[in-house]
A.B. asks: 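Sharing a structure below in structure tokens format, with a few things to ask.
All values below come from the heavy atoms of this structure, side chains included, with hydrogens, waters and symmetry mates left out. Computed from a prediction, not measured in an experiment: that's the story for all the values here. Count residues from 1 along the sequence.
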Amino acid sequence: MATGSGFTIDVGLHGHVMRHVLHSADEATVREITEHSAAPGVWLKAFVPPETLEPWLAPGWHLAGGPGHLMAASLPGTAARAPGQLPGGYRMTTWTRDGVTRALVRGADGSFAARGQIAVTGHTSVVDQVETDPAHQRRGLGRLVMHRLTAAAVEQGATAGVLGATPQGRTLYEAMGWRVLAPLTSVLRGPDPAGT
């Protein structure tokens with residue numbers, strides 16, 4: 001749902017029930033949201049440094065998830081880069097439902113290895129929830145997931161992509177042609193499920 005200062009998204013994950021993303025954060029808006037969101041698992045993300053956002057928070061809210069970065073890329077350029085092959089024993093499944101394309105990689109034993117999703121809105125797409133299980137890292141799975149997602153977005157007419165990156169993710173995305181546009185700070189109502 002769009003608001004004057006950003007978007008509210010029902011995420012529906014344990015510890016991440018809802019997300020407010022502010023494209024223009026100011027003290028009054030942050031205070032309004034954080035004072036009226038009492039349920040645990042509600043996140044707020046804004047394109048300001050943590051030291052700017054933290055003093056605006058109502059009690060019960062705290063910085064979470066570590067430093068982040070808003071990143072963008074020209075998708076035809078990133079989708080054209082050869083990603084390599086899926087390592088032996090892994091299989092990737094991709095599907096699209098309700099405008100969101102998801103990619104899921106499983107190991108030979110069927111265990112979760114990596115995932116990600118992308119939604120296309122006109123000529124722009126948004127990448128979200130890209131992760132690789134620690135037991136399956138350093139095999140190029142994240143790069144393969146990103147390549148599959150961006151190729152799917154290009155097929156749907158997207159020419160640009162945006163995403164929120166962790167410091168670890170930033171390294172991968174920069175190697176794939178993405179660039180940092182702004183800091184991305186996350187705050188959470190309740191305990192941080194990642195323990196950070």
Side-chain angles (χ1 to χ4, degrees), residues 1-73 75 96-103 115-132 142 145-146 149-150 153 156 158 160-170 172-173 178-196:
M1 172 178 63
T3 66
S5 57
F7 301 89
T8 299
I9 304 156
D10 288 325
V11 178
L13 296 174
H14 175 71
H16 200 150
V17 177
M18 180 183 294
R19 180 186 311 162
H20 300 284
V21 180
L22 303 180
H23 52 70
S24 56
D26 59 62
E27 184 173 0
T29 301
V30 170
R31 286 199 184 278
E32 173 73 18
I33 291 171
T34 61
E35 288 173 358
H36 292 94
S37 297
V42 176
W43 290 71
L44 182 142
K45 297 181 180 241
F47 306 115
V48 295
E51 60 273 12
T52 300
L53 188 59
E54 191 172 29
W56 299 344
L57 302 175
W61 287 79
H62 59 89
L63 296 172
H69 313 279
L70 174 64
M71 300 186 77
L75 291 192
T96 302
R97 187 176 342 154
D98 297 328
V100 179
T101 299
R102 291 175 172 84
R115 72 170 180 167
Q117 62 187 28
I118 194 165
V120 175
T121 58
H123 293 292
T124 304
S125 61
V126 180
V127 178
D128 192 30
Q129 298 182 17
V130 175
E131 68 173 309
T132 301
V145 165
M146 284 295 294
L149 294 175
T150 55
Q156 296 173 55
V162 296
L163 59 78
T166 63
Q168 299 82 9
R170 175 182 175 173
L172 166 67
Y173 304 135
W178 293 71
R179 67 189 188 291
V180 173
L181 299 180
L184 176 59
T185 301
S186 299
V187 296
L188 170 62
R189 174 80 167 109
D192 188 346
T196 56

A.B. asks: Can you list the residues that meet the side chain to side chain donor-acceptor pair (under 3.5 Å) rule with Ser37, with sequence neighbours excluded?
C.D. replies: none

A.B. asks: Return the NE2 to OG1 distance between His69 and Thr166, rounded to the nearest 0.5 Å.
C.D. replies: 7.5 Å

A.B. asks: Tell me, please, which residues at least two apart from Ala119 pass side chain to side chain contact (heavy atoms under 4.5 Å, CB included).
C.D. replies: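 Residues passing side chain to side chain contact (heavy atoms under 4.5 Å, CB included) with Ala119: Val100.
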
A.B. asks: Show the nearest heavy-atom pair for residues Val17 and Pro40, with the distance to one decimal.
C.D. replies: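 Scanning both residues, the minimum pair turns out to be CG2-O, 4.1 Å.
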
A.B. asks: Report the residues that fulfil salt bridge (charged side-chain N to carboxylate O under 4.0 Å, His left out) with Glu32, sequence neighbours left out, ordered by chain and then residue number.
C.D. replies: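 With neighbours one apart ignored, the set is empty.
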
A.B. asks: By side chain to side chain contact (heavy atoms under 4.5 Å, CB included), which residues pair with Thr185, not counting sequence neighbours?
C.D. replies: Pro50, Leu53, Leu63

A.B. asks: Any donor-acceptor pair under 3.5 Å linking the side chain of His62 with the backbone of Gly190?
C.D. replies: yes

A.B. asks: Restricting to salt bridge (charged side-chain N to carboxylate O under 4.0 Å, His left out), what partner residues turn up for Arg179, sequence neighbours left out?
C.D. replies: none

A.B. asks: Residues in salt bridge (charged side-chain N to carboxylate O under 4.0 Å, His left out) with Arg170, at least two apart?
C.D. replies: Glu174

A.B. asks: So, using side chain to side chain donor-acceptor pair (under 3.5 Å) as the criterion, who are the partners of Glu35 when residues are at least two apart?
C.D. replies: none

A.B. asks: Does Val42 reach the side chain of Trp61, with side-chain heavy atoms less than 4.5 Å apart?
C.D. replies: yes

A.B. asks: My understanding is that only residues two or more places apart in sequence, or in another chain, count here; which of them pass side chain to side chain donor-acceptor pair (under 3.5 Å) with Thr29?
C.D. replies: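 Thr29 satisfies side chain to side chain donor-acceptor pair (under 3.5 Å) with Asp26 once adjacent residues are dropped.
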
A.B. asks: Just jot down the side chain to side chain contact (heavy atoms under 4.5 Å, CB included) partners of Pro49, sequence neighbours excluded, or say none.
C.D. replies: Glu51, Thr52, Pro183

A.B. asks: Only pairs at least two apart or in different chains count here, so list each salt bridge (charged side-chain N to carboxylate O under 4.0 Å, His left out) that has a residue in residues 12-23.
C.D. replies: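 Non-adjacent pairs meeting salt bridge (charged side-chain N to carboxylate O under 4.0 Å, His left out): Arg19-Asp128.
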
A.B. asks: Do Gln156 and Thr96 pair up side chain to side chain, a donor and an acceptor below 3.5 Å, judged on atom types alone?
C.D. replies: no

A.B. asks: Check side chain to side chain contact (heavy atoms under 4.5 Å, CB included) between Leu184 and all other residues, then give those that pass, not counting sequence neighbours.
C.D. replies: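 Checked Leu184 against side chain to side chain contact (heavy atoms under 4.5 Å, CB included); matches are Lys45, Phe47.
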
A.B. asks: Quick one: sort the His16 and Trp43 rings into parallel, tilted or perpendicular, breaks at 30° and 60°.
C.D. replies: parallel

A.B. asks: Identify the heavy atoms of Ala153 and Leu75 that sit nearest to each other, and give their distance.
C.D. replies: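 Closest heavy-atom pair between Ala153 and Leu75: CB-CD1, 3.7 Å.
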
A.B. asks: Got a second to check how far Leu163's CG is from Leu149's CG, nearest 0.5 Å?
C.D. replies: 10.5 Å

A.B. asks: Shortest non-hydrogen contact from Leu188 to Ala64?
C.D. replies: CB-CB, 3.8 Å

A.B. asks: What's the separation between atom CD1 in Ile118 and atom CE in Met146, rounded to the nearest 0.5 Å?
C.D. replies: 6.5 Å

A.B. asks: Can you tell if the side chain of Val30 reaches within under 4.5 Å of the side chain of Val187, non-hydrogen atoms only?
C.D. replies: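 Contact flag for Val30/Val187 side chains = no.
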
A.B. asks: Do you know which two heavy atoms are closest between Ala165 and Met71, and how far apart they sit?
C.D. replies: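 Heavy atoms of Ala165 and Met71 come nearest at CB-SD, 3.6 Å.
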
A.B. asks: What's the spacing between Leu22 CG and Thr8 OG1 if we round to 0.5 Å?
C.D. replies: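 Spacing of CG (Leu22) from OG1 (Thr8) equals 8.0 Å.
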
A.B. asks: Does Glu131 have any salt bridge (charged side-chain N to carboxylate O under 4.0 Å, His left out) partners at least two apart in sequence or in another chain, and if so, which?
C.D. replies: Arg115

A.B. asks: Compare all side-chain heavy atoms of Val127 with those of Trp178 and state whether any distance is below 4.5 angstrom.
C.D. replies: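 With C-beta onward as the side chain, the pair touches.
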
